[in-house]
**Q** 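Okay, here's the structure, questions in a sec.
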Amino acid sequence: MSDRRELYQSPNGDSWHLGREPTNGRAFVIHQPNGPSGGRLRHVELGAFLSDGTGKPEQQALLRLIGTLVDVPPYADRMDGREPTTTLPPVP
């Protein structure tokens with residue numbers, strides 16, 4: 001079994017993978033810069049990877065992968081298009 005799974009590859013050739021430390025099971029993101037950039041491979045803790053909240057394609061790819069782990073559809077889908085109702089009494 002592979003110790004990493006590709007999340008996203010950018011048009012310039014950078015790639016991001018979800019990795020897992022075999023000794024303790026801890027997950028992290030691996031960023032592999034494209035060859036011509038001369039950048040170095042780096043491991044990024046998941047929280048740090050998602051913390052800037054900019055919605056980069058590689059972040060969205062990780063969130064989509066995480067979403068596949070959940071069988072229940074999102075709340076809005078369960079409502080069949082209806083508005084949620086409240087159980088609180090109306091304010092007089």
**Q** Quick one: side-chain hydrogen bond (donor to acceptor under 3.5 Å, both in side chains) partners of His31, sequence neighbours excluded?
**A** Asp14
**Q** Can you list everything that forms a side-chain hydrogen bond (donor to acceptor under 3.5 Å, both in side chains) with Glu21? Sequence neighbours excluded, please.
**A** Thr23
**Q** Which pair of heavy atoms, one from Gly39 and one from Pro33, lies closest together, and at what distance?
**A** C-CG, 3.6 Å
**Q** Would you compute the distance between atom CZ of Arg20 and atom CZ of Arg26 and round it to the nearest 0.5 angstrom?
**A** 13.0 Å
**Q** Among residues at least two apart in sequence or on other chains, which ones pass side-chain hydrogen bond (donor to acceptor under 3.5 Å, both in side chains) with Ser10?
**A** Asn12
**Q** side-chain contact (heavy atoms from CB on, under 4.5 Å) with Arg64: which residues, sequence neighbours excluded?
**A** Gln60, Ala61
**Q** To the closest 0.5 Å, what do you measure between NE2 (His17) and CD (Gln9)?
**A** 7.5 Å
**Q** Which atom names give the shortest non-hydrogen contact between Gly19 and Ile30, and what distance separates them?
**A** CA-CD1, 4.1 Å
**Q** Keeping to residues at least two apart or across chains, list the salt bridge (charged side-chain N to carboxylate O under 4.0 Å, His left out) pairs with something in residues 35-57.
**A** Asp52-Lys56
**Q** Please give the remaining members of the hydrophobic cluster of Val29, linking ILVMFWY side chains under 4.5 Å, ordered by chain and number.
**A** Leu7, Tyr8, Trp16, Leu18, Val44, Leu46, Phe49, Leu50, Leu62, Leu63, Leu65, Ile66
